[in-house]
2 protein chains.
Amino acid sequence: MEAITIKDIARALNLSTSTVSRALRGSYEISPETKRLVMEYAERMEYRPNPIALSLKANRSKVLGVIVPQIANHFFSQAINGIEAIAYNRGYHVMIMQSHENYERELIAVQQALVRKVDGLLLSLSSQTTDIAHLQSLHDKKFPLVLFDRVASALDVPKIIADNYEGAFAATEHLIQAGRRRIAHIGIATYMSITQERLAGYRAALEKHGLPFDETLIRHVGLGQHEIDPIVSELLSQSPAPDAIFTASDRLALGCMTALRQFGVQIPEQVALVGFTNLTVAHLLAPPLTTIEQPAQEIGQMAAERLILQIERPQHKPISDIQKLPTKLVVRESTAGGMK
Amino acid sequence: MEAITIKDIARALNLSTSTVSRALRGSYEISPETKRLVMEYAERMEYRPNPIALSLKANRSKVLGVIVPQIANHFFSQAINGIEAIAYNRGYHVMIMQSHENYERELIAVQQALVRKVDGLLLSLSSQTTDIAHLQSLHDKKFPLVLFDRVASALDVPKIIADNYEGAFAATEHLIQAGRRRIAHIGIATYMSITQERLAGYRAALEKHGLPFDETLIRHVGLGQHEIDPIVSELLSQSPAPDAIFTASDRLALGCMTALRQFGVQIPEQVALVGFTNLTVAHLLAPPLTTIEQPAQEIGQMAAERLILQIERPQHKPISDIQKLPTKLVVRESTAGGMK
DNA sequence: TTGTAGGCGTTATCAA
DNA sequence: TTGATAACGCCTACAA
C-alpha cells in the first residue's frame, strides 16, 4: 500500500530519479551533501526498494527455490530450517514448494520457480520421479541447481546427502555384533537413491561378517502407511524367523514396532529393531529402538551454501560434487529408562 | 534464461505487442484468425507470462504469505499443507516465512511479505509477540490478514483456531471421569492465546465437577525442552501429589512421560497423562497417553479459504470472525497393545 | 480490428 | 556531480 518510491524522493528533494538511485546505492560520483540529504529523507520515509522492480530489471530475485516432496515431514522441515538459516544471513529469501511425491507436480513446481525467477533451485526428488529430463535441461542451461537427500546420480550437479551407505552399514553391523544373524530389511520405493544406498550398506555389512544375503529377507513398501502389518507378519512366518529388522525409515520402524507388539513379539529380545530416522521424538519416548539419525538441518545448510556458491561464482567447480554427511547411530536399550 | 516474451511473439508474427497481449487474454475485440495464430504460436513456443512483470504492473502477485513460528513443527507443517492445498487450486502460490518464535523476525517477515507484494497474509504469532501494532496497522490499511492458531484477540481480523477451550475441557473432564482429583496443568508462555484458552477449559471442567482450582498445580514453561524435569519433580513432591497431568502440548506430554518414568512413577496407574498434540507418531507408539488432537490441516485450509475470500471480495464481512475447529480426544489405555 | 504510447520501480548509459 | 532516456515484460487508454 502506497509504498514510497524513488520517484517520490526525487520529487520531494527536487532531484532526478537517477541521482536518488545513485545516492541510495552510495555511488562515489554523488556529492556527499546530496547523498546525506537523500539518505536521510529515505530513512525518514522508510523507503524500501521494490524487489519486484529489481527482479524485473535484473532478471534475478535473491530468492532460492526449494522443492521438497512434502513439508509435513520432519526430515524435510528440518532441512528447510537449515536452508533458511543460511539463506537468511546471506541475503537470500526462500520460496518453498511441494511436489507431494508426484512427478507432475514436481514439474509444475520447477516451472513456477523458474517463472518467478528464483536465482537457483534446491530439490529433493519426489518418489515418483524417474525421468529427470526437466532437471537435466536446467543444468544444461547452466541454471544453478543442487540436489539433496533424494538425488539422481545421472545428474551431474552438486548433491548433498546423508551417508546412507555408511549409516546402513553401521546399523547392520550393530545388529550383527549384538548377535543377530537373520536380519530383515524393509525399504521404500526401490528406484530411489536413498533406498539403494541403504540396501547396499546393509548388504556390505552382511558380507563383511560372512553372513548370506538372503533375498527373502528384503521387502519394499510404498509410502502408504499400513502395508506394514502383512509384511511383518510374512517375515515372522518364515522359519527360521528373522531375529532383527533394519528399516529404511522411522515411520517404518515405528510401524514395525506396533506390528511386532500386536503379534506378541518381544522387542528386542526376539526381534531387534533399527531404523533410519528423521524424528526427534524417538528420543523422548526412548523405546527399544536404535536409530540412525540423519543430519537433516546440516544437509539443508550445506545444500544452501553450495547453491549460493554456484550462483555467485558460476565458474567455480569443486572436485567432488557429492557430499555425504555422517549419520549417527543412537542406541536405545529397552532397559534404558524407557518403556518398562 | 531466454524466456519468450510477448514482444518476441509480436515480432515473429508481425503484430504489435498489444494485439498479442489481447489475443492471449482472449479479448473479444481481436479477430478469431489473429487470436488463433497468436495462441498457437504461444503454445508452440511455450510462452509463459512473466509473473514479475505482472506483479509490478498490477501491484499484486497471486501469492499468499504465510508466517509461522517454525516450519519444523508438526502442527505448522500440516497447517501449511492445508494452506497450500487450497491456495493451489485457487490459483495462488504460497510464500512461507518463519519468525523463529522471535518478535523482530516476525516484523521482518511481515515487511518482506509486503515488499514482495503478497496479496494477503496468514500468520500465527511468535511466542515472543505481545505488541501487535505491526498487524494492526496492516489491518487498518485494509490489507487482507488472517490469523490462525496463535491469535491476538485484540485484533479484529478473521481468526481460525482449534477449539482449545473445548479440547482442554474434554481432556480435563476425561481425567475427572477416570477418577482423578488432583490434576496438574503444564502450559506454555502465559500470554499466548492458546495457553489461556486451554487453561480456561481446564478450569471450567474442574468447576463443573466441583473440584477446586489449585494454583499450585499450574505450571508454565518456555519452549526450552528441558525445563520439564524439575517441574515434574516439583509437582510430585507435593502432598498429596497430583494424580494426573494435563499438558498443553505433545512435547510437554512426552517430556512428562520421560520424567515420570525416570522418577519411577507408573503411568497411568499413579499419574495419568493427557496432552494436546500435533504429532501423529503418538498413534504409532500407542503409549499410555491420551491426546487432544488438533485439526492442523483443516485449520490451514479454513484460514486460506478465509483469506482468499477476503482478497477477492474485500467488502464481504462474515458475522463471526473467529472460527473454532473441533479437537478430538483420543484415548490410549496403557493396556492397549502399546508398551508392555 | 489493430497499433501507439505511457507507466509500474529501478538501474544503466549517455549527455550535460 | 547531476539529469534525461531507455529498458526490463506486461497491460490499457487512446488513436487510427
Side-chain angles (χ1 to χ4, degrees), chain A residues 1-39 41-42 45-63 91 111-119, chain B residues 1-39 41-42 45-63 91 111-119:
Chain A
M1 355 240 72
E2 10 60 64
I4 180 170
T5 75
I6 278 193
K7 230 184 226 174
D8 299 326
I9 301 182
R11 201 174 317 120
L13 299 182
N14 249 314
L15 291 169
S16 74
T17 56
S18 20
T19 304
V20 174
S21 171
R22 279 184 283 234
L24 286 171
R25 343 193 48 242
S27 166
Y28 56 95
E29 39 180 14
I30 293 288
S31 81
E33 178 54 16
T34 311
K35 241 185 218 175
R36 200 184 45 74
L37 216 64
V38 172
M39 294 290 208
Y41 188 79
M45 304 301 281
E46 299 192 327
Y47 167 77
R48 298 280 176 275
N50 179 332
I52 297 192
L54 288 174
S55 295
L56 183 59
K57 187 113 222 341
N59 224 18
R60 50 184 208 58
S61 56
K62 281 284 187 179
V63 171
Q111 290 295 346
Q112 259 303 312
L114 289 188
V115 104
R116 295 261 169 202
K117 299 284 185 263
V118 299
D119 292 351
Chain B
M1 4 225 59
E2 8 60 66
I4 181 171
T5 74
I6 276 193
K7 229 185 226 171
D8 299 325
I9 301 181
R11 200 176 318 120
L13 300 182
N14 249 313
L15 291 169
S16 74
T17 57
S18 30
T19 305
V20 174
S21 170
R22 280 184 279 235
L24 286 171
R25 341 194 51 242
S27 166
Y28 55 95
E29 40 181 13
I30 293 289
S31 80
E33 179 53 17
T34 311
K35 243 184 215 174
R36 199 183 45 73
L37 215 65
V38 172
M39 294 290 208
Y41 187 80
M45 303 302 279
E46 297 191 328
Y47 167 78
R48 298 278 176 279
N50 180 332
I52 297 191
L54 287 174
S55 295
L56 184 58
K57 184 111 226 332
N59 226 16
R60 51 182 208 62
S61 56
K62 280 283 183 180
V63 171
Q111 290 294 346
Q112 260 302 312
L114 288 188
V115 105
R116 295 263 170 201
K117 299 285 186 261
V118 299
D119 292 350

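This structure is a prediction, so every number in the text was calculated from the model and none was measured. So you know, we letter chains A, B, ... as the sequences are listed, proteins then strands, and number each from 1.
- Closest contact between the side chain of B:Ala53 and the listed nucleotides D:dT2, D:dG9, D:dC11 involves D:dG9.
- For A:Lys117 and D:dG9, the shortest distance from a side-chain N or O to OP1 or OP2 is not below 4.0 Å.
- Atom CG of A:Leu37 and atom P of D:dT1 are 16 Å apart (whole Å).
- The distance from atom CZ of A:Arg36 to atom OG of A:Ser31, rounded to the nearest 0.5 Å, is 9.5 Å.
- For A:Lys7 and D:dA4, the NZ to P distance is 13 Å, given to the nearest whole Å.
- Residue B:Ile52 is classed as having no contact, given no heavy-atom separation below 4.0 Å to the nucleic acid.
- Considering CG of B:Asn59 and CG of B:Leu54, their distance stands at 12.0 Å, rounded to 0.5 Å.
- Residue A:Ser31 places at least one side-chain N or O closer than 4.0 Å to OP1 or OP2 of D:dT2.
- Boundaries of the chain B contact region on DNA chain C are C:dT1 to C:dG9, first to last in 5' to 3' order (nucleotide atom under 4.0 Å from a heavy atom).
- Heavy atoms of B:Thr34 sit under 4.0 angstrom from primed sugar atoms or phosphate atoms, though from no base atom.
- An OP1 or OP2 oxygen of D:dC10 is reached within less than 4.0 angstrom by a side-chain nitrogen or oxygen of B:Tyr47.
- A straight line from CG of A:Leu24 to P of D:dT2 spans 13 Å, rounded to a whole angstrom.
- Atoms CZ (B:Arg25) and C1' (D:dG9) sit 13 Å apart, rounded to a whole Å.
- In this structure, CD1 in A:Ile9 is found 10.5 Å from CG in A:Leu37, a value given to the nearest 0.5 Å.
- In this structure, A:Asn50 places its CG atom 18 Å from P of D:dC8, rounding to the nearest Å.
- Between atom CZ of residue A:Arg116 and atom CZ of residue B:Arg116 there is a gap of 11.0 Å, rounded to the nearest 0.5 Å.
- When distances run from any side-chain atom of B:Arg22 to the nucleotides D:dG3, D:dC11, D:dC14, the shortest one goes to D:dC14.
- B:Ser27 contributes no side-chain N or O that, together with a main-chain N or O of B:Ile30, makes up a donor-acceptor pair within less than 3.5 Å.
- Residue B:Arg48 places no side-chain atom within donor-acceptor reach of the base of D:dG9, judged by atom type and a 3.5 Å distance cut-off alone.
- Counting only heavy atoms from C-beta outward, the side chains of A:Thr34 and A:Leu15 approach each other to under 4.5 Å.
- Ranked by how close their nearest DNA chain C nucleotide is to the 5' end, B:Lys35 and B:Lys57 are led by B:Lys35.
- For the helix from C:dT1-D:dA16 to C:dA16-D:dT1, the end axes, each set by the C1' atoms of five terminal pairs, are bent relative to each other by 60° (nearest 10°).
- Among the candidates B:Asp8, B:Ile6, B:Val38, the single residue satisfying the side chain to side chain contact (heavy atoms under 4.5 Å, CB included) test with B:Tyr47 is B:Ile6.
- Going from atom CG of B:Leu54 over to atom P of D:dC8 covers 16 Å, rounded to whole Å.
- When heavy atoms are screened at a 4.0 angstrom cut-off, B:Thr5 is found touching the sugar-phosphate backbone but no base atom.
- Remark: A:Thr17 OG1 to A:Lys7 NZ distance equals 8.0 Å, nearest 0.5 Å.
- The environment of CD in B:Glu29 is crowded: more than 12 heavy-atom neighbours from other residues, nucleotides or ligands sit within 6.0 Å.
- No donor-acceptor pair under 3.5 Å is formed between the side chain of B:Lys117 and the backbone N or O of B:Val63.
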